[in-house]
Novice: 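Below: one structure in structure tokens.
Only a predicted model underlies this, so the values are computations on that prediction, with no experimental measurement involved. The sequence lines fix the lettering, A, B, ..., with proteins before strands; numbering per chain opens at 1.
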Amino acid sequence: RFVFRMFVMTKTKKTLAKPNVKNIVLVDGVRTPFLLSGTSYSDLMPHDLGRGALQGLLNRTGVPKEIVDHIIYGIVIQEVKTSNVAREAALGAGFSDKTPAHTVTMACISSNQAMTSAVGLIAAGQCDVVVAGGVEFMSDVPIRHSRKMRKTMLSLNKAKTLGQRLSLLGSIRMGHLMPELPAVAEFSTAESMGHSADRLAAAFGVTRVEQDEYALRSHRLAKKAQDEGLLSDIISFQVPGKNIISADNGIRPTSMEQMGKLKPAFVKPHGTVTAANSSFLTDGASAVLIMSEEKALALGYKPKAYLRDFVYVSQDPKDQLLLGPTYATPKVLEKSGLTMEDIDVFEFHEAFAGQIVANLKAMDSDWFAQNCMGRKSKVGVPPMEKFNTWGGSLSLGHPFAATGCRLVTTVAHRLQKEGGQYGVVAACAAGGQVFLPKYTYAQLARADTEYSRGATVQVFLVHSFGLFSVHVLCMKMTMCKSVQKHF
Amino acid sequence: MAGVRAVGILSRFATSKYSRLSGHGHRSLSMSSSLLARTYANYEIKDGVAVIRINDPNSKVNTLSKPLQAEMTEILEEIWGNSAVKGAVLISSKPGSFIAGADLNMIQACKSAEEVTTLSQEGQKMFDKIEKSPIPIVAAINGSCLGGGLEFAIACQYRLATKSKKTVLGTPEVMLGLLPGAGGTQRLPKMLGIPAAFDMMLTGRNIRPDKAKKMGLVHQLVDPLGPGLKSPEEATIQYLETVAIEAAKNLANKKLSVKKEKGLVQKLQDMVMGLPFVRKQIYNMVTKKVMGQTKGLYPAPLKIIECVQTGIEKGTTAGSLAESVNFGNLAMTSESLALRGLYHGQVACKKNNFGSPARDVKNLAVLGAGLMGAGIAQVTVDKSVRTILKDTTVEGLTRGQQQVYKGLNDKTKKKAITSFQRDTTMSFLTGQLDYRGFDQADMVIEAVFEDLNVKHKVIKEVEAVIPPHCIFATNTSALPIKEIAAASKRPEKVIGMHYFSPVDKMQLLEIITTDKTSKDTTASAVAVGLKQGKIIIVVGDGPGFYTTRCLAAMLAEAVRVLQEGVGPKKLDALTKGLGFPVGGAALADEVGIDVAAHVAEDLGKALGSRFGGGNVEVLKTMVQKGYKGRKSGKGCYVYEKKSKDKKVNPGVEEILKAYQLKPAPSVSGDEDVQYRLLSRFVNESVLCLQEGILPDPVQGDIGAVFGLGFPPCLGGPFRFVDSFGADKLVQKMHRYEEVYGNQFSPCQLLLDHAKDSNKRFHK
């Protein structure tokens with residue numbers, strides 16, 4: 001009966017394929033284990049992790065490297081030595097040196113940007129096989145000399161005589177030696193994201209208990225998924241000269257009592273966002289293999305899903321920084337002629353528990369829909385039994401630019417496992433660079449992605465980008481069987 | 001202590017952006033002691049905490065009025081009598097106002113100092129009770145918390161404030177010639193330390209939430225919220241209330257303590273302040289500074305020092321008594337009356353009395369990127385209006401754009417705006433040399449060279465490219481608008497907008513209408529001015545309009561005084577002694593000697609010998625020699641970049657010698673010189689009213705004080721005539737008339753007022 005219903009649904013919705021646009025598929029996706037920053041990966045560099053994910057993808061898919069047309073990789077906090085991290089990681093991973101590679105950045109949805117860029121290249125007929133992914137490495141971030149010191153040092157380069165050099169050196173004062181940390185605050189609003197999340201939670205009346213409960217749920221579900229071996233997108237990573245890492249290390253289901261003991265991390269003393277209900281600073285990398293359907297089938301692959309559509313939207317960076325999913329989700333659904341009820345799998349990026357609950361409340365509010373979104377009625381809330389059921393960024397971790405690919409791959413796997421048809425991914429992201437000098441347990445995250453994919457056929461990927469654009473990627477994913485049946 | 005800044009009353013007025021104490025009237029309702037909902041304040045008990053909400057039904061802001069005080073007293077008695085109530089929260093239901101101050105009309109209605117003193121004592125008693133409250137009371141501040149409102153808040157046990165842009169704290173009483181009369185002079189020094197308390201009370205400055213937290217005026221800050229399940233304003237108030245209730249509960253069960261660990265600096269400061277001779281030094285220093293800045297013309301700052309000193313040296317009881325008595329006395333002074341009059345006038349001149357214009361000005365163009373043009377552009381882009389700045393040369397344009405950038409960047413340095421806001425604001429400005437985009441302009445303001453031919457050329461060029469609805473405003477300080485409009489094809493769209501330099505600092509805008517200017521054009525000009533944050537007077541057309549004409553009369557006298565051998569420094573001392581913020585000679589340098597010469601000559605021609613006195617040739621010779629004032633580096637004074645001390649220009653002394661006049665001893669004493677200067681100004685003002693150039697005395701007073709720096713303690717020329725007495729002024733003028741002739745002939749309206757002492761400009 002279930003199969004039959006699905007069949008009917010597929011028939012009534014037909015397919016989300018668009019005329020004159022190639023069908024684009026996700027062949028497979030992998031990621032390195034996500035680790036708390038400052039743990040086992042701490043002596044690496046970003047491209048090392050990227051290399052790990054890319055090599056893992058090569059091994060798992062067995063894709064011949066000479067057929068890869070392009071590689072796109074995302075990163076947020078750039079290591080200046082490897083500014084085109086895509087190329088460094090690809091070469092190191094054994095991809096062909098004839099394959100061009102470029103790096104993209106869009107805060108926490110950087111790898112979403114990498115994937116949608118890939119979709120664009122294929123749809124435009126430029127490429128047939130593209131590798132997309134992202135890496136983030138928070139164990140080390142570029143801390144710079146002060147501007148004054150840099151200026152002096154650069155002038156020193158140009159100084160011709162000893163006298164000039166000495167006088168420049170003599171001009172160095174204590175103030176020159178103050179290092180410059182990556183900004184904690186949004187460039188445009190001078191507000192840190194945790195602070196923004198706390199205000200957002202307050203605006204939607206999200207209590208501390210609600211946040212802690214949601215965070216605990218995320219950790220428990222992640223633990224369950226880990227124990228049941230559902231997190232099959234993970235590939236093992238051998239830390240050079242050290243042991244092999246094969247599991248995430250941030251999953252820590254505790255108790256409400258323990259979480260309740262923590263003091264607010266950003267808004268003091270009355271705030272509600274704490275280390276325990278925020279995503280933590282994470283090291284990790286991910287990668288996906290995207291192809292045109294024709295090519296994938298010709299190569300004998302059994303693609304995991306169609307990638308159908310996407311939308312980016314943007315809002316006021318001050319008060320609506322983290323509300324992207326609420327804005328983007330209905331847009332992509334309407335674009336594809338689907339409703340909330342059609343979606344089987346939701347994956348939202350969990351930046352902060354407060355932000356997720358606020359988004360859920362926003363989606364459930366007629367006032368918000370009418371006054372802020374210009375809609376007649378509320379968006380509607382995704383049912384929790386379909387929502388982030390294998391954990392999320394709060395528990396698995398959030399390496400900024402690697403999260404997008406994790407979400408998409410998870411949707412594909414969940415659709416396969418649960419027999420769903422459509423999935424939606426949504427994520428919100430911000431503009432500036434966030435870095436917290438002290439990290440204890442969990443600190444913060446920056447993007448949410450949410451997508452859903454159809455049991456056998458379709459997936460929507462929704463990413464929202466808080467500051468400048470949010471997009472929804474609506475993807476059609478196809479399981480191997482149906483593909484075979486189809487053709 | 002370096003932080004102490006004494007009052008600079010005019011500059012405070014000139015830069016104050018937000019309305020001060022509210023003067024909104026209230027209807028005196030008879031209070032019934034029924035248990036039904038009260039009118040001004042209500043409370044409900046939430047979780048053992050009484051939430052007292054203030055909401056004046058008759059006004060946009062809450063004021064500390066008699067009925068509010070009465071209701072508040074009732075509520076507090078009820079709460080204190082209820083053992084289930086463990087704490088209380090005081091909050092306003094209005095988004096932009098906690099309590100904006102005491103009700104000014106309540107003070108105005110008092111007939112004697114004693115009555116006002118009683119008012120003050122009632123306030124003191126109520127706040128003393130609050131201070132001694134058996135349960136903690138938390139003041140939850142969102143919006144303006146000024147004057148009596150602040151005194152209310154500091155009597156509470158704990159203060160929370162939102163970081164909203166509208167939240168400001170302060171004691172602006174000094175700007176109204178009063179002092180914080182409900183315990184402020186006693187509580188603030190104990191709370192903030194003597195130097196910070198003096199700074200706050202003597203300057204009356206607005207204190208933003210961040211600063212208030214830093215100095216210990218509030219304990220905790222709360223962020224304003226964005227839209228959620230309610231509007232941002234409602235959500236913020238509710239959030240504030242929730243946090244405040246939590247604080248009240250925590251205070252009640254001792255989880256939260258008000259006592260703060262003092263830092264080393266604080267301990268050190270306290271120790272130093274414990275020494276009587278150090279305190280004495282501070283009182284002396286502050287008094288000296290106040291005297292230096294006010295020339296003793298403003299009694300309020302001195303009384304504030306006295307009250308603080310009494311409180312600290314002789315105890316709070318003596319201090320409170322001094323506070324209430326001085327408050328009563330100050331309320332009756334002419335200075336306070338003048339300053340309160342200016343406050344009301346300022347409020348009146350921030351309204352558009354011409355209705356809303358047919359269309360909003362969304363695109364504005366400014367011609368001429370000089371000091372004025374760029375200034376106008378700056379205040380316009382600041383309000384997110386697309387602005388074209390056009391000049392004829394690249395150099396001129398570059399300078400102008402730099403000026404706008406510098407103005408905004410200075411704000412960034414002071415942290416008033418972020419660099420991001422600066423850049424966004426700058427993006428509204430387009431600098432160009434041609435007329436591109438003028439077809440989209442809703443208003444063009446020209447600020448080109450003050451020459452009728454140039455203005456005619458510009459008006460013709462512009463009218464060829466602008467759309468039919470576009471308004472042409474001319475920024476001139478003296479050329480009659482109808483002469484400029486003579487070159488226009490559509491004189492109903494031509495209007496004068498006289499800005500004052502520097503435009504971003506000077507608050508006044510004088511709008512000049514001709515008999516052909518349409519009402520909609522006027523409405524539109526006023527709307528633009530209000531948007532730019534200006535205080536606006538609308539006057540009739542004529543040579544020098546209102547402000548320039550009065551100033552020219554006084555400057556003509558100033559030149560004569562110089563010719564009579566009173567040096568520029570002495571002249572400046574005499575004018576400042578009257579209460580002008582800038583001396584006569586220095587003012588001429590600021591305005592520009594060339595402009596002054598130009599105006600003096602034009603007005604002399606147009607208005608005849610009444611504008612005689614000093615010889616115009618003095619100014620013309622100065623211009624010939626290149627002494628054009630500050631902009632050329634030399635005027636009456638020599639301006640050097642680094643030296644602070646101004647030196648008199650020896651070249652000017654020579655010129656003055658060449659044009660020397662013999663002073664008449666009977667009218668050349670210091671006081672007479674002062675009244676000669678003042679009476680010419682005042683007489684010209686009254687004449688403007690008589691001739692219908694000025695619509696009313698209020699706008700006359702506002703224009704003189706905010707545009708020309710007429711002494712605020714006198715309240716403007718019309719207020720001055722009322723308080724000094726028209727008859728006395730006329731007597732003096734007759735004396736001067738005997739020596740100098742018709743320049744001192746009192747005008748008819750002034751004579752009428754002199755004859756009948758019941759006639760007053762201000763009721």
Novice: So which of Ala362(A), Gly205(A), Pro269(A) has the largest heavy-atom pair count under 4.5 angstrom toward chain B?
Specialist: Pro269(A)
Novice: Which bit of Thr236(B) comes within less than 4.5 Å of chain A, counting heavy atoms only: side chain, backbone, both or neither?
Specialist: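 Contact with chain A involves no heavy atom of Thr236(B) at all.
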Novice: Where do Asp223(B) and Val267(A) come nearest, in terms of heavy atoms and distance?
Specialist: OD2-CG2, 4.1 Å
Novice: Is Gln238(B) atom CD crowded by more than 12 heavy atoms from other residues, nucleotides or ligands, each under 6.0 Å away?
Specialist: no
Novice: Would you name the heavy atoms of Lys361(A) and Leu229(B) that are closest together and state the gap between them?
Specialist: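 For Lys361(A) versus Leu229(B), the nearest heavy atoms are O-CD2, 4.0 Å.
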Novice: Got more than 12 heavy atoms from elsewhere within 6.0 Å of CE, Met178(A)?
Specialist: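 Atom CE in Met178(A) is not packed in, count stays at 12 or less.
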Novice: Just wondering, are more than 12 heavy atoms of other shown residues or ligands nearer than 6.0 Å to NE2 in His145(A)?
Specialist: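 Incorrect, the count does not exceed 12.
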Novice: Specify which of Thr242(B), Val243(B), Leu221(B) makes the most heavy-atom pairs with chain A at under 4.5 Å.
Specialist: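 Heavy-atom pair counts peak at Val243(B).
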Novice: Shortest non-hydrogen contact from Tyr239(B) to Ala202(A)?
Specialist: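 Distance-wise, the nearest heavy atoms are CE1-CB, 3.4 Å.
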Novice: Non-hydrogen atoms of chain A under 4.5 Å away: do they reach the side chain of Leu256(B), the backbone, both or neither?
Specialist: neither
Novice: Could you check whether any side-chain heavy atom of Pro227(B) comes within less than 4.5 Å of a side-chain heavy atom of Asp319(A), counting everything from C-beta outward?
Specialist: yes
Novice: For chain A, which candidate among Gly226(B), Pro232(B), Ala235(B) shows the most heavy-atom pairs at distances under 4.5 Å?
Specialist: Gly226(B)
Novice: Can you tell me which portion of Gln220(B) sits under 4.5 Å from chain A's heavy atoms? Options are side chain, backbone, both or neither.
Specialist: side chain
Novice: Counting only heavy atoms not in Arg375(A) (residues, nucleotides, ligands), do more than 12 fall under 6.0 Å from its CZ?
Specialist: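 Atom CZ in Arg375(A) is crowded, with more than 12 foreign heavy atoms closer than 6.0 Å.
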Novice: Would you compute the distance between atom NZ of Lys230(B) and atom CZ of Phe368(A) and round it to the nearest 0.5 angstrom?
Specialist: 15.5 Å
